[in-house]
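Worksheet: one structure, shown below.
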Amino acid sequence: MIRITDIIDKVTAYNPEADLHILDRAYVYSARVHDGQVRLSGEPYLSHPLEVAGILSDMKLDVISVVAGLLHDVIEDTHATSEEIKEMFGEEVLHIVSGVTKLSKIPFSDSHTREAESIRKMLLAMADDIRVVLIKLADRLHNMRTLQYQTEEKRIKIAQETLDIYSPIAARLGIYWIKQELENIAFMNIKPDEFLNIKNLVKKDQVDREKYVGTVKDFIRKKMDENNIKCEVLGRYKNYYSIYQKMINQNLSFEQIYDIIAFRIILDTVPQCYEALGLVHSLWKPIAHKFKDYIGFPKTNMYQSLHTTVVGPIGERIEIQIRTWEMDRIARSGIAAHWSYKEGKRIDENISKKFSWIQNLVENQHETKDPVEFIENVRLDLYPDEVYVFTPQGAVKSLPKGATPVDFAYLIHTEIGNQCSGAKVNGRMVPLNYELQTGNIVEIITSKGHNPSKDWLKFVKTVKARARIRQWIKTQDKDRSITLGREICEKAFRKERLNFTTLMKTEEMGRVVDQLGFKTLDDMIASVGYGKTTPIQIVRKFVSKPQEEEQDESILDKLIGRVKKKKPASGIIVKGFDDILIKFGKCCQAIPGDPITGYITQGYGVTVHRTNCANALKMNPERQIDVEWNMDSSDLYPVKIYITAYDRVGLLADITSNISKNASNILSANTITKENNAVDCFFTLTVKDTDHMKKILSDLKKTKQVTDAKRINE
């Protein structure tokens with residue numbers, strides 16, 4: 001366990017004028033309030049805040065950050081109060097600690113909502129003070145380093161969240177050493193067999209590779225010396241997760257990956273970088289389309305370097321990065337390398353502008369109420385690759401890889417996006433789903449009265465475009481529902497010889513709106529149109545009749561009335577309704593154990609989707625209805641799986657045997673053998689629930705020559 005004296009020594013080394021008194025007080029306070037608490041490892045709980053503070057001091061952050069690291073859990077896990085923190089350590093420390101604190105003490109409907117809201121809270125605080133997320137990354141890093149003490153289920157859950165949220169954030173902040181360590185630990189816990197396999201493959205020929213590294217470095221050094229260029233040449237291994245991703249995404253075997261080792265040339269000046277690039281290209285033949293100039297076009301996380309791939313001394317591909325010492329420092333530390341916090345000062349405004357994506361991320365999520373949709377949008381916003389395009393006036397705009405003219409239009413302005421009717425790229429007309437490339441000049445054609453299309457949701461890549469299109473669709477849907485709801489209410493009130501239009505303007509109707517929990521009259525009428533509120537509920541507020549004479553009949557009942565006599569699927573319970581036709585969305589094929597939600601479908605009852613289904617997220621949340629699994633059901637459900645393997649005699653027989661021994665029926669099967677001997681297998685199976693499916697996938701992964709087995713959606 002790291003000691004406070006070690007942390008003080010680190011801080012003093014990079015900041016001799018640091019206020020060490022507040023650091024001492026924070027340590028004493030943290031030790032006192034955490035006294036008696038232990039971690040799952042059996043160590044005193046104090047070891048965790050100390051390790052977090054140690055990581056922050058390794059990042060050379062200011063004293064306030066290190067103090068907040070020591071105190072980051074005290075509000076959540078001890079009797080400490082916000083008032084006490086403010087009084088003892090000041091407003092700035094309290095602000096950061098509050099931003100890091102999770103929402104575990106606030107009641108939520110489920111754990112998914114709590115996790116989503118905790119991440120939303122962190123991002124909001126991060127936009128105001130980026131130190132919040134740096135402490136959160138240090139906290140997550142130490143928790144990942146001690147993940148072995150958690151249960152298997154918890155390990156996988158935490159590791160997956162790390163890959164989805166925290167690793168991309170570290171990458172966007174340019175802190176690659178944290179990104180890589182988080183990815184490797186997560187990979188080791190999610191796919192332990194694949195991790196061990198790649199680790200052994202890397203070690204297998206390590207002696208030969210070390211000789212090869214030495215040979216390449218000697219070639220480069222000699223060439224630079226001949227031209228009087230002073231430099232340092234390094235060779236490094238890719239992290240295991242990066243190797244695995246490349247194998248899966250490009251369907252390559254380990255032996256086919258050429259850049260397991262990447263070389264780096266570090267120089268003093270930018271002109272030397274370009275000169276060194278020319279010398280490398282004169283030494284070995286460069287490969288077309290494999291050159292990237294991140295010096296001329298820096299990444300949003302401030303990363304700068306020249307990347308080139310060449311055919312090396314023995315005919316193999318070599319990836320070479322060329323950068324200055326300052327660029328290398330930034331590449332390793334990201335925003336922490338530009339830290340300009342001093343006591344009582346804020347971060348440099350120029351650096352804040354470079355991280356404006358954080359503010360954009362928060363603004364894009366401002367209107368997103370659904371926590372699952374929020375998390376999905378955050379994942380989209382943490383895209384790893386970007387393209388740089390130009391406006392007709394020459395302004396450079398950054399967009400995620402795969403972005404379209406519609407994304408570009410919404411980036412310029414919401415109204416331009418809404419009225420987008422066509423686009424030109426480099427002076428030529430292109431379809432709206434055209435994928436933009438770096439260097440494109442994009443011109444948007446608008447038409448007054450033109451409206452967004454629901455089909456745009458199938459190809460847009462930016463959260464802003466997605467959110468604005470959904471907002472427009474929701475507005476249109478609400479307008480239709482208000483019209484339908486008004487008609488339904490007028491009819492119901494006429495039966496009681498009442499005039500709904502006249503009563504709408506009365507104070508009594510205002511009280512009814514409040515009693516039923518709506519903000520406005522239009523919201524209540526729209527709810528009737530959606531089928532969530534019955535007109536009888538409103539009528540009863542104006543007339544008194546015996547309850548047994550009345551029967552609630554919502555628009556949902558009317559819409560599905562023709563099919564209500566059919567027996568519902570026994571595996572699903574719709575809260576508040578009996579005997580309703582249930583359909584499962586083919587897009588996501590939910591099975592017991594998946595978080596699910598239902599949507600009212602006009603004329604077809606309720607359609608069940610997984611909560612993170614892309615199609616479900618496009619639907620109007622006003623049509624959403626609560627559903628749950630009937631745990632007493634013994635139904636079987638179809639699920640699609642995808643298996644990647646290398647061909648051999650008996651492969652298919654072993655795969656089908658594994659499926660059969662797990663009491664699963666194969667509904668369909670399709671295999672594709674590629675030129676490189678790789679095999680893609682697609683199966684549709686029947687399973688009882690997610691546990692049954694996980695057991696099948698686990699057994700399939702143990703099959704000889706199978707590299708991966710996972711669930712897929714259409």
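Residues M224 and V280 are in side-chain contact: their nearest non-hydrogen atoms beyond the backbone lie under 4.5 Å apart. A heavy-atom distance below 4.5 Å is found between the side chains of C420 and W456. Counting only heavy atoms from C-beta outward, the side chains of I444 and P405 approach each other to under 4.5 Å. The closest side-chain heavy-atom distance from I198 to Y241 is not below 4.5 Å. By the 4.5 Å heavy-atom criterion applied to side chains, I178 and M59 are counted as neighbours. Counting only heavy atoms from C-beta outward, the side chains of Y303 and P298 never approach each other to under 4.5 Å. Here the side chains of L267 and I229 are in contact, with some heavy-atom distance below 4.5 Å. Using a 4.5 Å heavy-atom cutoff, the side chains of V310 and I287 are not in contact.
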Next on the checklist: Working note: T391 + V442, criterion side-chain contact (heavy atoms from CB on, under 4.5 Å); need CA distance, chi angles, decisive distance, verdict.
Outcome noted: CA-CA 6 Å; T391 67; V442 187; over 6 Å; no
Checklist entry - How far apart are the C-alpha atoms of M327 and S305, what are their side-chain angles, what is the distance that settles it, and do they pass the side-chain contact (heavy atoms from CB on, under 4.5 Å) test? => result CA-CA 7 Å; M327 291 172 191; S305 190; 5.7 Å; no
Checklist entry - Given E435 and K461, is the salt bridge (Lys or Arg N to Asp or Glu O under 4.0 Å) satisfied, shown in steps? => result CA-CA 10 Å; E435 286 195 10; K461 296 295 181 186; 5.8 Å; no
Checklist entry - Given the rule in the ring pair (Phe, Tyr, Trp, His ring centres under 6.0 Å) test, do F187 and Y244 qualify, once you have shown the distances and angles that lead to the verdict? => result CA-CA 9 Å; F187 179 36; Y244 172 75; 4.8 Å; yes
Next on the checklist: Apply side-chain contact (heavy atoms from CB on, under 4.5 Å) to residues F390 and K397 and explain how you reach the verdict.
Outcome noted: CA-CA 6 Å; F390 297 90; K397 299 293 179 182; over 6 Å; no
Checklist entry - Going through the distances and angles, do Q589 and R610 end up as a side-chain contact (heavy atoms from CB on, under 4.5 Å)? => result CA-CA 8 Å; Q589 291 190 314; R610 289 160 68 183; over 6 Å; no
Next on the checklist: Please evaluate residues D225 and K222 with respect to the criterion salt bridge (Lys or Arg N to Asp or Glu O under 4.0 Å), reporting the C-alpha separation (whole Å), side-chain torsions for both, the decisive distance (0.1 Å), and the verdict.
Outcome noted: CA-CA 5 Å; D225 288 343; K222 185 180 178 184; over 6 Å; no
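In this structure, CG in L277 is found 13.0 Å from CD in Q321, a value given to the nearest 0.5 Å. Expressed to the nearest 0.5 Å, how far CZ of F408 lies from CG of L399 amounts to 7.5 Å. For the atom pair S421 OG and K448 NZ, the distance stands at 13.0 Å (nearest 0.5 Å). Remark: R140 CZ to I169 CD1 distance equals 10.0 Å, nearest 0.5 Å.
Residues A68 and I135 approach most closely at CB-CD1, 3.5 Å, considering heavy atoms. Closest approach of V425 to L436, counting heavy atoms only: CG2-CD2, 3.9 Å. The minimum heavy-atom distance linking L306 with C273 is given by the pair CD1-O, 3.6 Å. Considering all non-hydrogen atoms of both residues, T462 and P400 come closest at CG2-CD, 3.5 Å. R466 approaches V460 most closely through the heavy-atom pair NH2-O, 3.0 Å.
Looking at T162 and S167, their side chains never bring a donor and an acceptor atom within 3.5 Å of each other. A donor atom on one side chain and an acceptor atom on the other are found under 3.5 Å apart for E316 and Y212. E319 and T309 share no donor-acceptor pair across their side chains, judged by distance under 3.5 Å alone. Using modelled atom types and a 3.5 Å distance limit, the side chains of D139 and Y166 yield no donor-acceptor pair. In summary, the side chains of Y434 and R428 do not present any donor paired with an acceptor at a separation below 3.5 Å, with no hydrogens or angles considered. Under 3.5 Å, the side chains of Q160 and D164 contain a donor-acceptor pair of N or O atoms. The closest side-chain donor-acceptor pair between D218 and T215, if any, does not fall under 3.5 angstrom. Side-chain contact annotation: T308 with H281, donor-acceptor N/O pair under 3.5 Å present. There is a side-chain donor-acceptor pair under 3.5 Å between Y410 and N418.
No side-chain donor-acceptor contact under 3.5 Å links N239 to the backbone of Q180. The main-chain N or O of Q437 is found under 3.5 Å from a side-chain atom of N440 such that the two form a donor-acceptor pair. Proximity of a side-chain donor or acceptor of H413 to a complementary backbone N or O of E415 within less than 3.5 Å is detected. When atom types are taken as modelled, the side chain of Q272 and the backbone of D268 share a donor-acceptor pair closer than 3.5 angstrom.
Salt-bridge formation is detected for the pair D328/R323: a Lys NZ or Arg NE/NH1/NH2 atom is positioned less than 4.0 Å from an Asp or Glu carboxylate oxygen. Using a cut-off of 4.0 Å between Lys/Arg side-chain N and Asp/Glu carboxylate O, D62 and R131 are scored as salt-bridged. Taking a cutoff of 4.0 Å between a charged side-chain nitrogen and a carboxylate oxygen, K191 and D708 qualify as a salt bridge. The pair R264-E232 does not meet the salt-bridge criterion, since no charged nitrogen lies less than 4.0 angstrom from a carboxylate oxygen.
Within 6.0 Å of atom NZ in K217, more than 12 heavy atoms from other residues, nucleotides or ligands are found, so the atom counts as buried in its surroundings.
Not less than 6.0 angstrom separates the ring centroid of F291 from the ring centroid of H307.
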